[in-house]
Undergrad: 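My structure is below; once you've seen it, I'll send some questions.
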Number of protein chains: 2
Amino acid sequence: MSEKPPKDAPPRSIERRIKAIYESIPASERVLADRVLEYPSDVLMCSATELAELAGASKAAVTRFVKRLEYSDFREMQREIRRAQSTGDPIFLNAGRSQREGGSNALLVHLDQDMSCLRQTIEQLDQEVLIAIARRIVSARRVACLGYRNSYFFAAYMRRQIIQIRPDAMILPLPGQTLMEDLGQFGPDDLLIAVGLRRRPPELGRAMQLMQQAGVPIAYVTDRRAITSTKFAKWVVPCQVRGTSLFDSYVGVISVLNFICTRAVVLSGATGRKRLNDLEEMIELLSELDPKN
Amino acid sequence: MSEKPPKDAPPRSIERRIKAIYESIPASERVLADRVLEYPSDVLMCSATELAELAGASKAAVTRFVKRLEYSDFREMQREIRRAQSTGDPIFLNAGRSQREGGSNALLVHLDQDMSCLRQTIEQLDQEVLIAIARRIVSARRVACLGYRNSYFFAAYMRRQIIQIRPDAMILPLPGQTLMEDLGQFGPDDLLIAVGLRRRPPELGRAMQLMQQAGVPIAYVTDRRAITSTKFAKWVVPCQVRGTSLFDSYVGVISVLNFICTRAVVLSGATGRKRLNDLEEMIELLSELDPKN
DNA sequence: AACCCACTAAAACTTGTGTTTCAATTCCCG
DNA sequence: CGGGAATTGAAACACAAGTTTTAGTGGGTT
């Protein structure tokens, strides 16, 4: 007992162990480290062979990696982690889920709500509408994203994804500018993406009405309760935002926007720009500049 | 090989299968059934041998039990169950939801991905950490939200919710300002909420390092692969952002932020809730907002 | 009581796993 | 440009996992 072996002394989690040595390990093991950090439950559920395949490494690399983490054995590592899990380390709650087991766990209640919010949003959407919007994003002469209050963030998010294929996409309103300075020139060849979730200020409806009168097609991302303002839109994307929570849940909104943008990028590749039209390649390309800091 | 086993026909859940045959199985397999019904995750995590020991049965009993459940193999059973869990409710995956004609169910695939992304984020978080952050939001002298690129939107969203209980909450960086002009005065009594999702510019890490040196506690919302920058944070909130999609999915991030903000409001108690009510009332009164438009 | 049948688990068997070895390769550093 | 250290995955290896066989037990029936 006088000697303290470093092994059992600190009940360090794998994440901690990985981060401690991350800088000093070779590439083949680093891909494993990345995979484990991103999907920790894989270690519990998969065999070492599967883990190697998932991470894109060899079985030998897995063994070396395990040793470097100061585990004697792949299996011992699994046991170790499982112990940590059963003693309450929340990182791996994933595997032990049994819905009603949570009891007073507010987090899991929250998860349930957001899951059903997300599901209800997506299930009741028409894929063709979303694809039509994506197509329009690619083909329109100009694109602008509009949103107020909370919705502004989502409009801005949308615009940020779109500029990867259309660097001219605008975000509105701009501080200190009136809307019409930027939208004044818009016409039937353009596209307005309006995000109007609950707590819409009247400006939004007015702007949409004006744009409709100018013949501008409008894609309108909103909540289910919107009524009158949907009349101005060519495409309506109603999202479920209401939970029993204090604040509205926007998981459905962000998910839909992601979907539209993804489709738009794919479509833009297909329409013959010199961009890669292979989705996988694009993912690879986007992933290569990926700082681990 | 010419014969097609009934293997791939029904994607029934394991619980269903067990209950279907429960009455008609012998004792040694029934103890296994009981164990599995009570701790379903054992099947995923344990080996067949371990499962036998836990339930108090023999290895042979496990094999017979698995066969009786119409799985060809113990390992195949594990794979089957794992697949069902990782996508959430297996109802969505291959239940043949062809209500949307057109053959391509890209939307439902997208839903699956975002559902599991959301689940993996929430389930692997520590509720105590989130509550500690919420508490700090209420008690800190000053609060600032920091984020670059995509993360900026989430920092801004966060700040927008927080100002309902803390009107002094800041969003950073501000255009045309240097960070230190706003953060220079920060110290141990304050709180910095940093959002740093993939594609982090180096500025973020530098800012966090400086703040840590100044003794400022940092709540850091990031993705699972972040390594070095987590060293500067007092609380780390790792989110699952990676799907097989082109763009990262932020459903988990937005959900967590919502949770933290909600808890902060609840914790802020009467004053906070009062303020929120006042705000709503005032808004209603001025009819500044019309939810129906 | 004798027989039969279902059931059980120990032990042999087989397959697939994780580990180790090793030659080829890359990357430094002189 | 070399030589050497480090890194890598394919293949060989040892071993443990799951399956099958088998011998034994207990309960029920005629």
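Convention: sequence-line order gives letters A, B, ...; per-chain numbering from 1. Small disclaimer: the values here were computed from a predicted structure and weren't measured.
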Undergrad: Residues two or more places apart in sequence or in another chain: which of them pass salt bridge (charged side-chain N to carboxylate O under 4.0 Å, His left out) with R30(B)?
TA: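 Salt bridge (charged side-chain N to carboxylate O under 4.0 Å, His left out) check on R30(B) returns nothing, list empty.
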Undergrad: Only pairs at least two apart or in different chains count here, so list each salt bridge (Lys or Arg N to Asp or Glu O under 4.0 Å) that has a residue in residues 48-61 of chain B.
TA: R82(A)-E50(B)
Undergrad: Tell me, please, the opening and closing nucleotides of DNA chain D, 5' to 3', among those with an atom under 4.0 angstrom from a non-hydrogen atom of chain B.
TA: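 Endpoints of the contacted stretch of DNA chain D: dG18(D) to dT20(D).
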Undergrad: Output the rounded distance in Å from NZ (K67(B)) to P (dT8(C)).
TA: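 In whole Å, dT8(C) P lies 16 Å from K67(B) NZ.
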Undergrad: Among residues at least two apart in sequence or on other chains, which ones pass salt bridge (charged side-chain N to carboxylate O under 4.0 Å, His left out) with R224(B)?
TA: none
Undergrad: Can you sort out the partners of Q161(A) under side-chain hydrogen bond (donor to acceptor under 3.5 Å, both in side chains), two or more places apart, ordered by chain and number?
TA: N150(B)
Undergrad: With a 4.0 Å cut-off, would you call R68(A) and E29(A) a salt bridge?
TA: yes
Undergrad: Starting at CD of E29(B) and ending at P of dA9(C), how long is that distance when rounded to a whole Å?
TA: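 For the pair E29(B) CD and dA9(C) P, the rounded distance is 10 Å.
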Undergrad: Excluding sequence neighbours, so at least two apart, what forms side-chain hydrogen bond (donor to acceptor under 3.5 Å, both in side chains) with D34(B)?
TA: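 side-chain hydrogen bond (donor to acceptor under 3.5 Å, both in side chains) list for D34(B), sorted by chain: Y22(B).
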Undergrad: Compute the angle between the rotation axes at the two ends of the helix from dA1(C)-dT30(D) to dG30(C)-dC1(D), each taken over five pairs, rounded to 10 degrees.
TA: 10°
Undergrad: What residues form a salt bridge (charged side-chain N to carboxylate O under 4.0 Å, His left out) with R160(A), not counting sequence neighbours?
TA: none
Undergrad: Using the closest heavy atom to pick a nucleotide of DNA chain C for each, name whichever of S24(B) or A48(A) lands nearer the 5' end.
TA: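 The residue mapped nearer the 5' terminus is S24(B).
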Undergrad: When you measure from the side-chain N and O atoms of S28(B) to the phosphate of dT8(C), is any distance below 4.0 Å, counting only OP1 and OP2?
TA: yes
Undergrad: With D114(A), which residues qualify under salt bridge (charged side-chain N to carboxylate O under 4.0 Å, His left out), at least two apart?
TA: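 Salt bridge (charged side-chain N to carboxylate O under 4.0 Å, His left out) check on D114(A) returns nothing, list empty.
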Undergrad: Nearest whole angstrom, please: distance from the P of dT17(C) to the CE of M45(A).
TA: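 After rounding, the reported distance stands at 17 Å.
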Undergrad: Just the rounded figure in Å: distance from P of dA6(C) to CZ of R30(B).
TA: 17 Å
Undergrad: When the distance from CD of E76(A) to P of dG18(C) is rounded to whole Å, what number comes out?
TA: 15 Å
Undergrad: Of all residues at least two apart in sequence or in a different chain, which pass the side-chain hydrogen bond (donor to acceptor under 3.5 Å, both in side chains) check with E128(B)?
TA: none
Undergrad: So, using side-chain hydrogen bond (donor to acceptor under 3.5 Å, both in side chains) as the criterion, who are the partners of R64(B) when residues are at least two apart?
TA: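 Not a single residue meets the side-chain hydrogen bond (donor to acceptor under 3.5 Å, both in side chains) criterion with R64(B).
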Undergrad: Residues from residues 52-65 of chain B sitting under 4.0 Å of DNA chain D, heavy atoms only?
TA: K59(B), A60(B), T63(B)
Undergrad: For C46(B) and L51(B), which heavy atoms make the closest approach, and how far apart are they?
TA: CB-N, 4.1 Å
